[in-house]
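Reviewing the structure listed below.
Letters A, B, ... mirror the listed sequences (proteins, then strands); counts begin at 1.
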There are 2 protein chains.
Amino acid sequence: MFSEISTTDLVTQISRQITEAIVTGRLKPGTRLTELQLSREFGTSRAPVREAARLLESQGLVVFSPRRGFFVRTLTAVDLRDIYELRIGLELHAASLALERIGQAEVAGLERQIEKLYRLADAGSAESQIFEDFAFHRMLCAASHNTRLVKVYDELATEMRAGITLIGKLYDDPHRIAETHEPIVAALKKGDRKELLEALRDHITVAQEAVVALFHRIEKDDTDAQNGPVWHCG
Amino acid sequence: MFSEISTTDLVTQISRQITEAIVTGRLKPGTRLTELQLSREFGTSRAPVREAARLLESQGLVVFSPRRGFFVRTLTAVDLRDIYELRIGLELHAASLALERIGQAEVAGLERQIEKLYRLADAGSAESQIFEDFAFHRMLCAASHNTRLVKVYDELATEMRAGITLIGKLYDDPHRIAETHEPIVAALKKGDRKELLEALRDHITVAQEAVVALFHRIEKDDTDAQNGPVWHCG
DNA sequence: AATTGTCAATTTGTCGACAATCGGCACCGC
DNA sequence: GCGGTGCCGATTGTCGACAAATTGACAATT
C-alpha cells in the first residue's frame, strides 16, 4: 500500500554510485580504489565503503586483492565473449519461457519500448538509446516471470554496459538498432518459438561479434604500443 | 612453485563457514543472524562478519533488512521452481558449448565421476553422493570453458543444496542417481546435440519436479498447522 | 479485552584508532 | 653498473566505542 520509506542505506548508495562511475567510464579499468579516498569522496568512514566494494566484487565489477585493495576490473575480449555467450543462453531461455507466460500488457510494453528506440534514434542521443536498448532486453527477460533469471541478467547487463562504454558506440545507424528489435517481438506475438530464438540469437550475436572484435583490436593496440594503457582516475 | 600461503582473509573464511552452515541445514531458514553472536562465535569483531554477511546476501543465501539485520533466506516452492528452471537454461547451454569444446581429459573426468557415484551408492553414503552429484554437473558446466557461466552455476548450486538439505533425500534408489548420468555422457561422446539436450533436460526436470513438489507439501503443512515453522538456531 | 503509549534492553550503523603489511626508494656490496 | 637489502610512507585488516533505531514487554486508557 504505502511505498517503502526509501532509506536506502549508505552501503547501497555508495555501491550504486561506484557502479554508475564504472559503467559510464568515469572510473577506468585498472584504477585502484583506495578506501580512504572513496570515503573522503562520499563523506563517510571506510567501513561502508569496504562493504560496498565487496558487493561490487561479487558482481564482478571490481576485483579484490587481499592486502592490496580493490581495482576496477579490466574486461578482456575473452571476458566479453563469455559474457555475451552466457547472455545468449540466458536470454533465449527467458524468451522461450516468456512465450508461454507473457501477458498482453508486457507485449505492449515491448512495442512501446521499440518506439522509444526510434524516437531516440531521431533525437540522436546515442547514450540514452543504449540505455533503453538494455531496458528492452530486460523487459523481455522479465516476461519469463522468473525473478532469479532476471537477477542474473541484471548483473550481466552491468558488465556489458561497462564493456560497451569503453567502446563508445556500437552501431553506425541508430535506426538499425530500433529495427533489429522488431522481428523479436513479431515472432513473440506469432508464438513462433523457432523464429523467436533465431531472431534473438542473431540479434545478440551481432552485438557480441562487434564488441569482441573491438576488444581484440584494443588489446592488440595496447600490446603494440609498449606503454601500458594510461589508466588513472581523473 | 610454492603453494599459496593460504591466508584466506577472515571475510572469506567466515562467509564460507556460514554458507556451509546454511547448506547443511545447521542454520535453518528464517534464523536471524545477529552480528554480535556471530562475531563471538568466530572470535572476531563485527566488521568482518558484516562484510561476509553482505556477500552471502548478494548470493541470495541470506536476506538483509536495513536496521533489522540478516536472516537466513527461506526458499519457497516458487523460488525452487525458478532456480531449477534457470539451471535448465544454464546447464543445457553449457552442454551445448561443451559439445564443441570439451577435451578428452574432461570426458574421462565425467566418466570417473559417474563411477564414483556408483561406489558411493554401494557405500550407502547419501550425503556425499549428493555432493558428488553436484560435482558432476559442475564439471559438465566447466567443459563449456566459459568461466562466467560456471560462476553463475556455482551460486545456483549452493542455493539448490540449501533447498535439498531441507528435504533430506531426493531419490529412493541411490543406484538410479548414478545411472541417470550415463545417457548424458553417452550423448556427449557421440556428439549428438539433440540427444544430449534431451537427456539433460529430462535429468534436471526429474529433480526439479521432486524438489518443487516436496516444497509445495512443506508449505501446505506449514499453513495447515497454524503455528509457524519452529525456526531457531540450535 | 483490545489497543495504544512508554520504556528498557538489544542490535544495527558508523566512526576513529591502531597494528600488520605492502610498494617504492635509497643505500650498499659486488 | 647492477642486483639485493633494509627502511619509510601509505594502505589495508581489524577492533572497540558510541549514537540511533528496533524489539518486546508492561502499563495505561478507552
Side-chain angles (χ1 to χ4, degrees), chain A residues 1-18 27 30-58 61-74 227-233, chain B residues 1-18 27-28 30-58 61-74 226-233:
Chain A
M1 178 69 76
F2 294 98
S3 67
E4 302 255 329
I5 312 222
S6 69
T7 311
T8 43
D9 56 323
L10 217 43
V11 175
T12 309
Q13 244 174 297
I14 292 175
S15 82
R16 267 209 268 268
Q17 290 217 36
I18 299 179
L27 279 174
T31 309
R32 180 172 195 171
L33 299 175
T34 54
E35 300 170 8
L36 194 64
Q37 186 183 332
L38 287 173
S39 63
R40 269 202 284 259
E41 186 132 354
F42 293 117
T44 70
S45 83
R46 282 169 47 215
V49 172
R50 277 181 69 91
E51 293 181 23
R54 274 230 140 83
L55 239 58
L56 266 49
E57 196 230 352
S58 78
L61 275 184
V62 311
V63 292
F64 171 68
S65 182
R67 294 270 170 209
R68 295 187 1 94
F70 298 92
F71 300 82
V72 180
R73 173 151 178 228
T74 61
N227 54 346
V230 281
W231 287 328
H232 283 293
C233 178
Chain B
M1 179 62 78
F2 293 99
S3 67
E4 303 249 330
I5 317 248
S6 69
T7 311
T8 43
D9 57 322
L10 220 40
V11 176
T12 309
Q13 240 174 300
I14 292 175
S15 81
R16 266 208 269 269
Q17 291 217 33
I18 299 178
L27 281 173
K28 300 223 175 352
T31 308
R32 181 172 194 171
L33 299 175
T34 54
E35 300 170 8
L36 194 64
Q37 186 184 331
L38 287 173
S39 64
R40 270 203 284 258
E41 187 132 354
F42 293 117
T44 70
S45 82
R46 282 170 49 217
V49 172
R50 276 182 70 90
E51 294 182 23
R54 274 231 142 82
L55 238 60
L56 265 47
E57 195 229 353
S58 79
L61 275 185
V62 310
V63 293
F64 172 68
S65 183
R67 295 272 172 206
R68 294 187 2 94
F70 298 92
F71 300 81
V72 180
R73 175 154 176 226
T74 61
Q226 285 293 358
N227 55 347
V230 282
W231 287 328
H232 282 294
C233 177

Just the table, please: protein N/O against nucleotides 13-16 of chain D N/O, every pair under 3.5 Å.
residue: D/dG13; atom: OP1; partner: A/Arg67; partner atom: N; Å: 3.1
residue: D/dG13; atom: OP2; partner: A/Arg50; partner atom: NH1; Å: 2.4
residue: D/dG13; atom: OP2; partner: A/Arg50; partner atom: NH2; Å: 3.1
residue: D/dG13; atom: O4'; partner: A/Arg67; partner atom: NH1; Å: 3.3
residue: D/dG13; atom: N7; partner: A/Arg46; partner atom: NH2; Å: 2.9
residue: D/dG13; atom: O6; partner: A/Arg46; partner atom: NH1; Å: 3.1
residue: D/dC15; atom: OP2; partner: B/Ser45; partner atom: N; Å: 2.5
residue: D/dC15; atom: OP2; partner: B/Ser45; partner atom: OG; Å: 3.1

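- Counting only residues at least two apart or in different chains, salt bridge (Lys or Arg N to Asp or Glu O under 4.0 Å) contacts with residues 42-51 of chain A comprise A/Glu35-A/Arg46, A/Glu35-A/Arg50, A/Arg50-B/Glu51, A/Glu51-B/Arg50, A/Glu51-B/Arg54.
- Between B/Val62 and B/Glu57, the closest side-chain pair of non-hydrogen atoms falls below 4.5 Å.
- Between the CG atom of B/Leu36 and the C1' atom of D/dC18 there is a distance of 15 Å, rounded to whole Å.
- Shown here are the side chain to side chain donor-acceptor pair (under 3.5 Å) partners of B/Ser58, two or more places apart in sequence or in another chain: A/Ser58.
- None of A/Leu36, A/Leu38, A/Thr44 except one satisfies the side chain to side chain contact (heavy atoms under 4.5 Å, CB included) rule with A/Arg40; the exception is A/Leu36.
- Taking the side-chain contact (heavy atoms from CB on, under 4.5 Å) definition, one finds that B/Arg67 meets it with nothing, sequence neighbours left out.
- Contact check for A/Phe70 versus A/Val49: no side-chain heavy atoms found under the 4.5 Å cut-off.
- The side-chain contact (heavy atoms from CB on, under 4.5 Å) test applied to B/Arg16 returns B/Thr8, B/Thr12, not counting sequence neighbours.
- When side chains are defined from C-beta on, A/Leu33 does not count as touching A/Leu56, because their heavy atoms never get closer than 4.5 Å.
- Note on the helix from C/dA1-D/dT30 to C/dC30-D/dG1: terminal axis deviation equals 10°, with five pairs used at each end and the result rounded to 10°.
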